Amino acid sequence: MPAHANPTIRSGAMDLAPALSMGPLSLPIEGRGEDLTYRVTAPAEGGSLPVILFSHGNGQSLYTYGPLVNYWASHGFAVINPTHLDSRMIALAADDPRRPQLWRHREQDILALLDNLDAIEEAVAFIKGRIDRDRVAVAGHSWGAQTASMFLGATHPDPDDGSTVSLSDGRVKAGVLFAVPGTGGDNLSEFATQNFPFMHPDFSGLQTPTLVVAGENDNGAMTVRGPDWWREAYDLSPGAKALFEVRGGEHSLGGIPNYEARETTDEDPARVAAVQSLSTAFLRSTLSGSDEAWRSAVSDVTDAPVPQGTIEQK
């Protein structure tokens with residue numbers, strides 16, 4: 001296959017294209033206290049690769065979310081996933097002065113990756129000359145989904161002074177939000193109120209085409225409400241075009257952080273396969289301007305003998 005040909009994309013797990021991964025790599029960010037480390041995963045062949053910037057959930061790292069990262073890369077995407085300062089790998093001390101600003105550092109991490117795609121391409125020989133800067137998406141899980149949503153048009157108040165934090169970025173053309181927290185105020189649990197004072201998102205400005213993935217049985221500790229809280233990014237934003245409510249899914253949506261991880265309380269390969277397929281098809285269709293892949297994936301999930309969830313669309 002020529003170096004810049006688009007690889008054939010197939011849907012079967014045994015037909016995944018070979019992918020390469022490199023990390024940890026480092027990117028200096030002023031005021032962060034230490035370099036941002038990240039990993040790049042991409043198909044071994046093919047050109048004009050769309051890019052996914054992925055923000056991990058609380059405590060995770062660049063080494064997690066293999067079920068998503070590896071699948072996306074094997075289906076023609078270049079995936080860049082950083083380690084945020086809240087990672088257990090970094091293990092900030094309880095009195096570290098950066099802790100109250102972890103939300104800000106997370107957002108600046110993603111912005112730094114966006115701003116430094118040229119440097120990242122130079123640092124990773126196997127993607128040099130192969131990525132398409134006109135087809136960039138963001139994705140994230142849990143706190144990472146909240147982080148990613150900021151680049152799609154969501155906002156939140158700065159807990160330091162009450163000003164509105166807005167990072168909507170025209171370079172980002174699509175998004176996927178997995179188990180994204182809903183609105184704040186009285187919806188938050190005492191734990192969330194104390195530990196996440198910025199968690200009061202406003203989704204009304206989220207205009208960029210987005211897929212929201214929520215677990216039918218997600219009773220996470222962030223809210224006093226039930227699983228419906230985790231779908232609010234879809235209900236309250238004009239840009240969220242589709243919602244996949246995962247049947248039986250809990251916060252890990254079948255195991256997207258990693259199989260056999262302690263966070264995965266609902267491990268189910270079929271559930272993960274549906275999340276993989278739909279998220280890939282949504283990004284491919286949105287970034288290409290053709291909904292063929294999306295329509296096909298929706299049909300596969302909803303018409304299955306045992307559907308893995310329900311899909312709503314605007």
Side-chain angles (χ1 to χ4, degrees), residues 23-27 29 32 35-41 50-73 77-90 92 98 101-117 120 136-156 165-169 171-182 196 198-199 201 203 206 208 210-214 220 222 230 233 239-240 251-253 256-258 261 263 275 279 282-283:
L25 298 157
S26 63
L27 184 68
I29 299 178
R32 192 176 188 269
D35 288 354
L36 170 65
T37 57
Y38 64 96
R39 178 167 58 111
V40 175
T41 309
V51 177
I52 303 172
L53 306 179
F54 184 82
S55 180
H56 63 69
N58 189 23
Q60 304 288 352
S61 75
L62 60 83
Y63 294 111
T64 51
Y65 294 92
L68 290 177
V69 172
N70 298 334
Y71 188 91
W72 287 334
F77 292 86
V79 187
I80 305 173
N81 49 311
T83 294
H84 297 302
L85 287 174
D86 56 87
S87 173
R88 289 190 294 270
M89 286 185 61
I90 295 176
L92 291 184
R98 291 172 290 180
Q101 299 295 320
L102 286 176
W103 63 270
R104 195 187 307 275
H105 287 294
R106 277 178 152 268
E107 294 168 1
Q108 292 303 308
D109 288 349
I110 299 301
L111 182 59
L113 295 177
L114 264 176
D115 287 344
N116 287 279
L117 287 178
I120 292 170
V136 176
V138 295
H141 176 237
S142 193
W143 191 0
Q146 187 275 331
T147 302
S149 75
M150 296 295 292
F151 295 86
L152 302 168
T155 63
H156 68 74
V165 180
S166 176
L167 292 168
S168 181
D169 198 305
R171 293 172 292 181
V172 176
K173 301 301 194 297
V176 182
L177 304 178
F178 301 96
V180 58
F196 301 95
F198 62 90
M199 196 69 75
F203 297 114
L206 195 158
T208 306
T210 298
L211 168 66
V212 176
V213 182
M222 294 291 293
W230 302 93
H251 197 61
S252 293
L253 301 170
I256 63 170
N258 266 336
E263 290 87 355
V275 173
S279 61
F282 181 85
L283 292 173

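What you see below is based on every heavy atom in this structure, not just the backbone, and it leaves out hydrogens, waters and symmetry mates. Just so we're clear, the structure is a prediction, and the values are computed from it rather than from any experiment.
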Atom of T41, atom of A73 and distance for their closest heavy-atom approach: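 It is CG2-CB, 3.5 Å.
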Heavy-atom closest contact (P257 atom, S252 atom, distance):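 The pair with the smallest heavy-atom distance is CD-O, 3.7 Å.
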Measure the shortest side-chain to side-chain distance between [X] and [Y] over non-hydrogen atoms and say whether it is less than 4.5 angstrom.
X: L102; Y: L92; answer: yes
X: I256; Y: V275; answer: yes
X: V40; Y: L25; answer: yes
X: V212; Y: F178; answer: no

Rounded to the nearest 0.5 Å, what separation is found between the [atom1] atom of [X] and the [atom2] atom of [Y]?
X: L177; Y: S142; atom1: CG; atom2: OG; result: 11.5 Å
X: I110; Y: D115; atom1: CD1; atom2: CG; result: 11.5 Å
X: K173; Y: L283; atom1: NZ; atom2: CG; result: 13.5 Å
X: F151; Y: L206; atom1: CZ; atom2: CG; result: 12.5 Å
X: I80; Y: L62; atom1: CD1; atom2: CG; result: 12.5 Å
X: Y38; Y: N116; atom1: OH; atom2: CG; result: 8.5 Å

Keeping T210 on the side-chain end and T208 on the backbone end, is there a donor-acceptor pair under 3.5 Å?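 Here the side-chain-to-backbone pair exists.
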Do S87 side-chain atoms and T83 backbone N/O form a donor-acceptor pair below 3.5 Å?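 Between the backbone of T83 and the side chain of S87 there is no qualifying donor-acceptor contact (under 3.5 Å).
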Those residues that, when tested against F198, pass side chain to side chain contact (heavy atoms under 4.5 Å, CB included) (two or more places apart):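 Once residues adjacent in sequence are excluded, the partners of F198 under the side chain to side chain contact (heavy atoms under 4.5 Å, CB included) criterion are W103, W143, Q146, H156, P159, F196.
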Sequence neighbours excluded - salt bridge (Lys or Arg N to Asp or Glu O under 4.0 Å) pairs with any residue from residues 77-90: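 Of all non-adjacent pairs touching residues 77-90, those that pass salt bridge (Lys or Arg N to Asp or Glu O under 4.0 Å) are D86-R106, R88-E263.
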Salt bridge (charged side-chain N to carboxylate O under 4.0 Å, His left out) between D109 and R104: does it pass, once the steps are laid out? CA-CA 9 Å; D109 288 349; R104 195 187 307 275; over 6 Å; no
Qualifying residues under salt bridge (Lys or Arg N to Asp or Glu O under 4.0 Å), relative to D35, sequence neighbours excluded: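 None.
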By salt bridge (Lys or Arg N to Asp or Glu O under 4.0 Å) - contacts of R39 (at least two apart):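 Checked R39 against salt bridge (Lys or Arg N to Asp or Glu O under 4.0 Å); zero matches.
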Under the ring pair (Phe, Tyr, Trp, His ring centres under 6.0 Å) test, which residues partner H56, sequence neighbours left out?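 Per chain and number, H56 pairs via ring pair (Phe, Tyr, Trp, His ring centres under 6.0 Å) with H84.
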Contacts of type ring pair (Phe, Tyr, Trp, His ring centres under 6.0 Å), residue Y65, not counting sequence neighbours: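 Y65 satisfies ring pair (Phe, Tyr, Trp, His ring centres under 6.0 Å) with F54, H141 once adjacent residues are dropped.
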